[in-house]
There are 2 protein chains.
Amino acid sequence: MEEIGQTEFICPSDTFLGIIKGKCKTTLIVLIKKGRNRYGEMCRTLPTISPRMISKQLDELERDGIIERHSFAELPPRVEYTLSDYGETLYPIIREIRKWGYMHQARTK
Amino acid sequence: MEEIGQTEFICPSDTFLGIIKGKCKTTLIVLIKKGRNRYGEMCRTLPTISPRMISKQLDELERDGIIERHSFAELPPRVEYTLSDYGETLYPIIREIRKWGYMHQARTK
DNA sequence: CAGCATCCACTCCGATACTG
DNA sequence: CAGTATCGGAGTGGATGCTG
């Protein structure tokens with residue numbers, strides 16, 4: 001049997017969950033991955049999430065190195081987000097999570 | 001490109017994340033899966049998590065149908081938890097999450 | 001042993017209003 | 001267009017004490 005200790009148990013899960021927990025981070029990652037990567041666009045796609053929250057979640061994802069922010073000095077201003085190489089590594093897992101969700105969402109409620 | 005709508009984006013992720021978010025649910029699931037499935041045992045394995053929290057998380061996992069609670073009317077009382085068939089379906093994903101965590105935990109701080 | 005009840009601090013998140 | 005500031009309610013989680 002594998003070694004069982006507190007550190008081994010908690011840390012690995014929290015590395016991932018600490019990054020993608022939060023109101024709508026997986027959703028934002030998927031949107032960006034699909035090219036729907038501008039702030040206003042995301043707000044319109046997710047009308048039930050407040051712009052403040054979308055902004056905050058994008059900030060945190062950028063801080064964690066998952067996404068990159070590209071700001072264009074135009075009028076009107078434009079900002080696009082892209083997945084970083086690091087962010088790409090967790091995308092397959094998000095797909096798995098979403099696939100599981102599709103299969104089992106009937107069960108929850 | 002896939003259809004993009006709010007429902008398709010948010011629901012599937014939340015089905016999974018809604019279940020495993022919370023202080024230490026993935027950890028508890030792994031402990032149970034490995035046979036370290038008694039309440040006191042878990043508390044001792046996770047000394048930094050309060051017993052109240054472990055109890056609460058186990059309750060929620062049971063309520064969501066992920067784990068089953070088996071109570072033995074002995075003295076001293078004994079309670080064991082096992083993964084349900086439903087719970088087994090999300091175990092592979094938890095393994096992926098943990099594997100990702102092992103590989104990338106150096107990066108996060 | 002395996003827990004629940006209570007109290008409290010902290011964090012999350014929405015609503016609203018404002019800015020470069 | 002792409003945000004930021006502030007307020008306040010709801011939820012999360014620890015500490016402590018008690019129970020069958």
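Chain naming here is simple, since letters A, B, ... match the order of the sequence lines and numbering starts at 1 in each. Being a predicted model, the structure only gives us computed values, none of them experimental. We use all heavy atoms of the structure for the numbers below, so side chains are in, but hydrogens, waters and symmetry mates are not.
- When the nearest nucleotides of DNA chain D are assigned to B/Q57 and A/P76 by heavy-atom distance, the more 5′-ward of the two goes with A/P76.
- Remark: B/E96 engages B/K99 in a salt bridge, criterion side-chain N to carboxylate O under 4.0 Å.
- With rounding to whole Å, B/L28 atom CG is found 15 Å from C/dA2 atom C1'.
- The two atoms that bring B/P77 and B/R38 nearest to each other are O-NH2, 4.2 Å, heavy atoms only.
- Here B/Y81 lies in heavy-atom contact (under 4.0 Å) with sugar-phosphate atoms only.
- Straight-line distance from the CG atom of B/L58 to the P atom of C/dC4: 9 Å, rounded to whole Å.
- Of all the heavy atoms in B/I32 and B/L83, the pair that sits closest is CG2-N, 3.7 Å.
- Under 4.0 angstrom from either OP1 or OP2 of C/dT16 there lies no side-chain N or O belonging to A/R52.
- Nucleic acid contact class of B/R44 (heavy atoms, under 4.0 Å, all strands): none.
- Rounded to whole Å, the distance from CE on B/M53 to P on C/dT11 is 15 Å.
- For C/dC4, one of the phosphate oxygens OP1 or OP2 lies less than 4.0 angstrom from a side-chain nitrogen or oxygen of B/S55.
- Side-chain N or O atoms of B/N37 include none that pairs as donor or acceptor with a backbone N or O of B/T82 at under 3.5 Å.
- Atom P of nucleotide C/dC1 and atom CD of B/E74 are separated by 13 Å, given to the nearest angstrom.
- Between B/K56 and C/dC4 there is no side-chain polar atom (N or O) within less than 4.0 angstrom of OP1 or OP2.
- Put simply, CG on B/L46 is 14 Å from P on C/dA2, counting in whole angstrom units.
- Scanning DNA chain D 5' to 3' for nucleotides with an atom closer than 4.0 angstrom to a non-hydrogen atom of chain A gives a first and last hit of D/dC1 to D/dT6.
- Note: B/F16 and A/H104 fail the aromatic proximity criterion, with ring centroids not under 6.0 Å apart.
- In this structure, B/R38 places its CZ atom 13 Å from C1' of C/dG3, rounding to the nearest Å.
- Spacing between atom CZ of B/R78 and atom P of C/dC1 amounts to 14 Å, rounded to whole angstrom units.
- Side chain of B/S84 to main chain of B/G65: a donor-acceptor pair is present (N/O by atom type, distance under 3.5 Å, no hydrogens or angles).
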Practice prompt. Please step through salt bridge (Lys or Arg N to Asp or Glu O under 4.0 Å) for the pair A/E80 and A/R69, ending with a clear verdict.
Written response: CA-CA 6 Å; A/E80 293 183 3; A/R69 186 176 182 277; over 6 Å; no
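- When the nearest nucleotides of DNA chain C are assigned to A/S50 and A/P77 by heavy-atom distance, the more 5′-ward of the two goes with A/S50.
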